[in-house]
Amino acid sequence: MDKAYTPKSFEETTYTSWEKAGYFTPKKENGKEPFCVILPLPNANGDLHLGHAMFTIEDIMIRYHRMKGDVTLWQPGFDHAGFETQFVFEKFLAKQGKSRFDYTRDDLYKAIWDFTQANRGTMESQLRRMGFSLDWQRLRFPLDPEVIAIVYKTFKKMHDEGLIYRGERLVNYCTKCGTSFSDLEVKHVEQIDPLYYIKYGPFVLATVRPETKFGDTAVAVHPEDKRYNSWIGKEIEFEGLNGPVQLQVVGDEVVDPAFGTGVVKVTPAHDMTDYEIGKRHNLPSLQVIGFDGKLTAVAGPYAGLRVKAARAKVVEDMKARGMIDHVDEAYVHTVGTCYKCGTVLEPLPMSQWFVKIRPLADRAIAAIEKKDVSFVPQRFEKTAAQWLTDFHDWNISRQIVWGIRIPAWHCQSCAKNNPEKSWIITDGSTPTSCPTCKGVDLVQDTDTFDTWFSSSQWPFATLQANSDKTDFETFYPTSVMETGYDILPWWVCRMLMVGLFVTGKVPFKKVYLHGLVRDAKGQKMSKSKGNVVNPIKMVDLYGADALRMALVFGAAAGNDISLSEDKIRGMRNFANKLWNIARLFLMNTELIKELPFYDKTMDKDLVQSDIEMIKKLETTVKMTTKYMDTYRYSDAAQTVYDFTWHALADEYLEQNKERFKQGDANALSVYRHILLTLLQLLHPFMPFITEHMWGQLPRKQYEPLIISSWPTV
RNA sequence: GGGCGUAUAGCUCAGCUGGUAGAGCGUUUCAUUGACAUUGAAAAGGUCUCAGGUUCGAGUCCUGAUACGCCCACCA
């Protein structure tokens, strides 16, 4: 062995040798336990960050189970990440002075495809550098034809069972990005705006959005509010900016008599609450704001102005005419913004495809209650159930090109006569004629699915799409879903719902959630703070094993992890310690060639300190195994770390140096036995150094460490 | 307005089903040529946020308080 521990000199070659030998591919044998983890799919384009580096926990599970002899699969995949990727691509286009509008639909799709293909290698090689033992032969992508077919089948099944509906509803729409979002994608931010108290005939009412007044179709008060309830059912009349206005007064429970003046203008087309009021009272809806973010013809002379400019102009004109009672300049409230570009989202009426959530969510809640799926740490059971209780219907239409196009066709002739039946849903095949009217003028929906609609099917979709057709049967439900707690609602809950719906079974039996990786001071890492740690740079400096160990050491499930370069360096020092433990052993070049292998029968010839060491090793094996089986990887790592450095190196080796020097075969046998066992215990955590050292030591098991059997007592 | 979490050594954090406090990093002193200065030996350093309660016994369970953090939410 080299004098110095230089991870760079063997990490990549070690990985290649594993991969070439096919050790990442499960060897299916009857009677053996399956163990399967689905990789939380990273975006196909983009660099590896510490969140991805946390997949280390999955690799630990996988390597442990592989060594235990289970039929083990870690299923890789990348996400096309529809909106995210299109957003990145548009920025890339903007740099060249172009925009998506310079392309036809097909050309844009192809351009993004090429863009993604050009970048995807980065992530793949970086995951390899971390040592992740993913079965690359099974790599999947949501836009693979096999996966698309499955996604279509799911959509059709949902539709056939009445869980899909198309509805004109208010959606969260970003006028800059040009697409709608699901509720989860809305980022609420607090902001300060003026609250205008406007005169509406006999009333004064408060609003932050005077520019939407042209879309008012009623005024609402609380039914019990004595100040106003005699007006309910009557009409008010007053002079508006664009002439006389007549509005009916409705009574609705949602109106808070204590807020503002207790009177609300109702604008069903531009406010979620108003939309609901409108539905309850059959109010018409007038769209004042268009999808381009400008006022529509409904606003009369204000048409064509952007929202912000329109608000200023409307306020100015109202002031001039004495229509404003007063203004509260510092009103604090929250608005929904686009999580990507920060633009204030407009609730706009739009026809979209929705998934009815209640039946799906209720089933998922039942699965949690029945313990068909359980969580580590357990408290997330409650969180998940809470989320599943709160979900609204899921808008799965996106007005973007980069994604799976929705398999729905609109019959143009039915649209005129029979709007109810004008949509044709298929399993992906193009319909030739309308089943209702036999018409042939069919136009496919231009929208694509929300990315999460396909990712929610990932566990069964990957396994079913794989070329080994027994994968689904062998591995589903998968063993563990390991991911960050931040995507519990986005991904974990949705996989549960959709997995249960399609397969009748939970997609995974266990959910292990890790925390966010933070900096040395426990602060969130961000580019602006300049405290972002680049994992690949750390791998270059200290080796992948050190980074992996640093991420696991002292990290409890579900809690945030604080990572510093000091900590990584500390773990590199541990690797170096391990390295030197082997070097000390190997100094006895001649003797160890003929050295007998330790077994229990040797105990009678051993001295007390040898016996004690063997006992300590056995305890370590037991403890580590117990911790591995109970998902306590930090405890497992600390147990082996402590034994290696303090019990073995500091005590046993220091005290027995003389015996080794004198060629005490018993002592050396014990030494080797302990060392080899340690390499096995440490392998899931530090795969590279352990495999490399294993290869340098004379041993009984000749197969590589990665497929050696986990030690038992 | 709801939900969840955290308060343990200078710093960052472990401590599972209750039994006389642990790790990594940092600090101090000393040592060191069969491995390793990416080292070893020793040491300093904690009334486990506070107040009650359960218990023979609580950092660990219960109640309350205080502080901080995160997530969610259609009060215009």
Side-chain angles (χ1 to χ4, degrees), chain A residues 1 3-5 170 172 183-184 186 188 193 195-198 205-210 212 219-220 254-267 270-277 331 333-336 347 377 379-380 382-383 385-387 389-392 485-486 488-489 515-516 518-524 542 546 549-550 553-556 558-588 626-627 630-632 634-635 637-639 641-642 645-646 649-651 653-654 657-658 660-662:
Chain A
M1 272 171 73
K3 181 165 168 39
Y5 163 59
L170 284 198
N172 313 293
D183 292 340
L184 282 183
V186 178
H188 290 90
D193 279 309
L195 180 64
Y196 302 96
Y197 285 79
I198 305 176
L205 56 79
T207 180
V208 283
R209 305 210 58 185
T212 63
V219 162
V254 300
V255 179
D256 178 0
F259 184 88
T261 58
V263 186
V264 189
K265 71 191 200 62
V266 183
T267 323
H270 298 291
D271 183 279
M272 298 292 180
T273 311
D274 293 7
Y275 180 79
E276 295 298 324
I277 297 176
Y331 173 59
H333 66 145
T334 56
V335 295
R379 66 168 185 273
F380 283 108
K382 235 198 237 170
T383 314
Q386 184 68 43
W387 269 107
T389 309
D390 288 348
F391 276 138
H392 300 316
Y485 64 71
D486 51 327
L488 176 67
L516 259 53
R518 295 167 173 274
D519 77 0
K521 290 173 190 152
Q523 289 182 313
K524 210 167 177 172
Y542 305 108
M549 198 66 169
F553 213 77
N559 287 358
D560 290 350
I561 296 133
S562 143
L563 183 77
S564 60
E565 195 164 337
D566 271 347
K567 189 173 179 186
I568 302 169
R569 205 178 289 127
M571 293 304 148
R572 188 274 318 265
N573 294 354
F574 173 66
N576 184 65
K577 191 67 176 177
L578 190 65
W579 184 265
N580 280 289
I581 290 173
R583 288 188 64 228
L584 177 65
F585 174 77
L586 289 169
M587 288 177 85
N588 307 279
K626 189 188 111 193
Y627 287 139
T630 49
Y631 306 93
R632 298 171 57 151
S634 171
D635 290 324
Q638 296 214 31
T639 302
Y641 177 102
D642 190 59
W645 201 318
H646 303 118
D650 290 349
E651 288 172 30
L653 298 187
E654 291 293 344
K657 271 185 182 175
E658 270 312 303
F660 305 139
K661 199 173 183 179
Q662 286 159 13

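Per chain, numbering begins at 1; letters A, B, ... match sequence-line order.
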Taking only N and O in the side chain of [X], is any of them less than 4.0 Å away from OP1 or OP2 of [N]?
X      : N     : answer
A:H646 : B:A23 : no
A:W387 : B:G3  : no
A:Y331 : B:C75 : no
A:K567 : B:C13 : no
A:H333 : B:C75 : no
A:N559 : B:U6  : no

Using a cut-off of 4.0 Å on non-hydrogen atoms, how would the nucleic acid contact of [X] be classed: base, sugar-phosphate, or nothing?
X      : answer
A:K382 : sugar-phosphate
A:Q662 : base
A:Y5   : nothing
A:T383 : nothing
A:D635 : sugar-phosphate
A:A206 : base
A:D642 : nothing
A:R632 : base
A:D256 : base

Over how many whole Å does the gap from [X] atom [atom1] to [N] atom [atom2] extend?
X      : N     : atom1 : atom2 : answer
A:E658 : B:U33 : CD    : C1'   : 14 Å
A:R572 : B:C25 : CZ    : P     : 11 Å
A:K521 : B:C13 : NZ    : P     : 13 Å
A:Q523 : B:C70 : CD    : C1'   : 15 Å
A:W645 : B:G22 : CH2   : P     : 20 Å
A:F391 : B:A73 : CZ    : P     : 10 Å
A:Y542 : B:U38 : OH    : P     : 12 Å
A:I561 : B:A23 : CD1   : C1'   : 16 Å

With the side chain of [X] defined as its heavy atoms from C-beta on, choose the nearest nucleotide among [options].
X      : options             : value
A:T207 : B:C36, B:A76, B:A14 : B:A76
A:D650 : B:A35, B:A76, B:A41 : B:A41
A:K657 : B:A35, B:C74, B:A23 : B:A35
A:N576 : B:A73, B:C25, B:C36 : B:C36
A:S634 : B:U38, B:C74, B:A14 : B:A14

Which value, in whole Å, describes the distance between the [atom1] atoms of nucleotides [N] and [M]?
N     : M     : atom1 : value
B:C71 : B:G19 : C1'   : 38 Å
B:G59 : B:U55 : C1'   : 16 Å
B:G45 : B:A23 : C1'   : 15 Å
B:U49 : B:G3  : P     : 25 Å
B:G57 : B:G24 : P     : 35 Å
B:U28 : B:A65 : P     : 45 Å
B:U8  : B:G69 : P     : 15 Å
B:A76 : B:C4  : P     : 25 Å

(request) Rounded to the nearest 0.5 Å, what's the gap from CG on A:N576 to CD1 on A:I581? Could you check? (result)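 Here the rounded value is 10.0 Å.
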(message) Whether the side chain of A:E654 and the base of B:A35 hold a donor-acceptor pair under 3.5 Å is what I'd like checked.
(response)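 Counting by modelled atom types and ignoring angles, a donor-acceptor contact under 3.5 Å is found here.
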(message) Reading RNA chain B from 5' onward, which residue's closest nucleotide shows up sooner: A:A556 or A:F574?
(response)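 Nearest-nucleotide comparison on RNA chain B picks A:A556.
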(message) I want to confirm an ordering. Mapping A:D560 and A:L584 to their closest nucleotides on RNA chain B, which one lands closer to the 5' end?
(response)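 Closer to the 5' end of RNA chain B: A:D560.
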(request) Represent RNA chain B in dot-bracket notation, 5' to 3'. Only Watson-Crick or G-U wobble pairs with both distances under 3.5 Å count; pseudoknot-style crossings use [ ] and interstrand partners use |. (result) (((((((..((((.....[..)))).((((((....).))))).....(((((..]....))))))))))))....
(request) Name the orientation class of the two ring planes belonging to A:F574 and A:W645 (parallel below 30°, tilted from 30 to 60°, perpendicular beyond 60°). (result)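 A:F574 and A:W645: parallel rings.
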(request) May I ask you to decide if A:G558's main-chain N or O and A:R379's side chain share a donor-acceptor pair within less than 3.5 Å? (result)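 Indeed, once roles are kept as given, a pair shorter than 3.5 Å links the two residues.
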(message) Strictly distance-based, threshold 3.5 Å: is any side-chain N or O of A:K567 a donor or acceptor partner for the main-chain N or O of A:F553?
(response)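 Yes: the side chain of A:K567 pairs with the backbone of A:F553.
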